[in-house]
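Written out below as structure tokens is the structure these notes cover.
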Amino acid sequence: MSPAHKLYEGKAKILYTTEDTEILLTQFKDDATAFNAQKRGTIEGKGEINCSVSAALFEWLESKGIPTHYVDTPAANEMRVRSVKIIPIEVVVRNIAAGSLCRQTGLAEGKVLPSPLVEFYLKNDELGDPLLTRERLFLLEIVPPEQLEQIKAMALKINEYLKEFFLGCEIILVDFKLEFGIDSQKRLLLADEISPDTCRLWDKTETDPQARVMDKDRFRRDLGEIESAYQKVQQRILSQIAKWHN
Ligand code: TMP
């Protein structure tokens with residue numbers, strides 16, 4: 001048995017090996033960063049919240065037939081996952097205009113898009129995660145065209161399942177970021193996390209444009225009450241999951 005050692009430390013998670021070479025352990029941190037780590041802080045309890053929210057959403061997606069890297073949660077802020085080679089793109093799905101889409105195009109925040117928009121960003125902090133065109137993606141040989149189509153189709157399906165799930169929680173899924181990986185059997189798996197750090201979530205019961213924000217935009221935009229927003233997301237998701245189990 002090989003002892004666990006730290007494989008990689010990212011901005012929000014630490015990855016460890018386990019005695020099983022096919023399984024890794026992810027530890028979710030309370031550390032928060034934004035704008036490519038130019039802004040740093042701590043969101044108390046975030047590690048446990050993002051771990052439990054991600055676990056719940058991975059289980060929900062698995063039940064719908066989406067293959068994920070999720071295995072189980074041995075501790076409140078720890079998730080065991082299948083070891084995958086991460087494809088270095090961030091796949092963003094948008095239902096409503098917000099964030100960089102508004103900044104870069106002038107679209108008004110809150111505009112409902114005619115159909116979901118899938119975008120690919122290069123996962124590279126040094127380059128600031130630039131938006132890629134399909135041509136640049138193929139030029140960089142990041143993924144073959146068939147695999148890109150498979151990723152896009154999976155992202156759109158995930159969007160439909162998550163939108164439905166969040167609506168049951170009185171939450172509007174504005175947009176979110178996904179990462180994918182390839183396991184030892186060459187299967188494409190949904191990886192990383194799905195949490196208030198990686199989604200824009202608006203409270204359906206609030207109309208005020210600041211009060212409705214339940215995600216990391218509270219940290220990015222200094223809106224305050226970050227912990228309570230994350231806790232509210234967790235409570236609503238876990239009670240929806242409990243209803244689904246019963
Ligand atoms: P954006 O509007 O800033 O491009 O963000 C789109 C979505 O992706 C939003 O839900 C937040 C998420 N996201 C991440 O998970 N990680 C990141 O590094 C960035 C920039 C965005």
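On a predicted model such as this, the values are computed, not experimentally measured, just so you know. In listed order, ligands and their atoms are each counted from 1.
The main-chain N or O of D175 is never found under 3.5 Å from a side-chain atom of R200 such that the two would form a donor-acceptor pair. Side-chain atoms of N95 never come within 3.5 Å of backbone atoms of P116 as a donor-acceptor pair (strictly under, hydrogens ignored).
Using a 4.0 Å heavy-atom cutoff, K123 is absent from the residues neighbouring ligand 1.
Remark: ligand 1 and R103 share no N or O pair separated by less than 3.5 Å (distance only, no angle test).
The closest protein non-hydrogen atom to atom 11 (C) of ligand 1 is R220 NH2, 3.6 Å. If you check which protein heavy atom lies closest to atom 9 (C) of ligand 1, you get D175 OD1, 3.1 Å. The nearest protein atom to atom 17 (C) of ligand 1, hydrogens excluded, is given as E90 OE1, 4.0 Å; this is a heavy-atom distance.
Distance screen at 4.0 Å: atom 20 (C) of ligand 1 has no protein heavy-atom neighbour inside the cut-off.
Pairing each heavy atom of P196 with each of M214, the nearest pair is CB-O, 4.0 Å.
A salt bridge is defined here as a Lys NZ or Arg NE, NH1 or NH2 lying under 4.0 Å from an Asp or Glu carboxylate O, and R80 with D72 meets this definition. Ion pairing of K13 with D197 is absent here, as no side-chain N (NZ or NE/NH1/NH2) approaches a carboxylate O to less than 4.0 Å. Classification of K123 and E179 as a salt-bridged pair holds, one side-chain N sitting under 4.0 Å from a carboxylate O.
Of the options K177, E119, R200, Q104, the smallest heavy-atom separation from atom 5 (O) of ligand 1 is shown by R200. Here atom 1 (P) of ligand 1 lies nearest to S100 when heavy atoms of A98, G99, S100, G128 are compared.
For the pairing with I89, the side-chain contact (heavy atoms from CB on, under 4.5 Å) check across L140, L137, L178 returns one residue only, L137.
L162 and V92 fall into different hydrophobic clusters, where Ile, Leu, Val, Met, Phe, Trp and Tyr side chains are chained together by heavy-atom contacts under 4.5 Å.
Close contacts of ligand 1 with F176, meaning ligand atoms under 4.0 Å from a residue heavy atom, involve 10 (O).
Contacts with ligand 1 closer than 4.0 Å are made by side-chain heavy atoms of R94 only, the backbone lying farther away. Of all the heavy atoms of V92, the ones lying under 4.0 Å from any atom of ligand 1 belong exclusively to the side chain.
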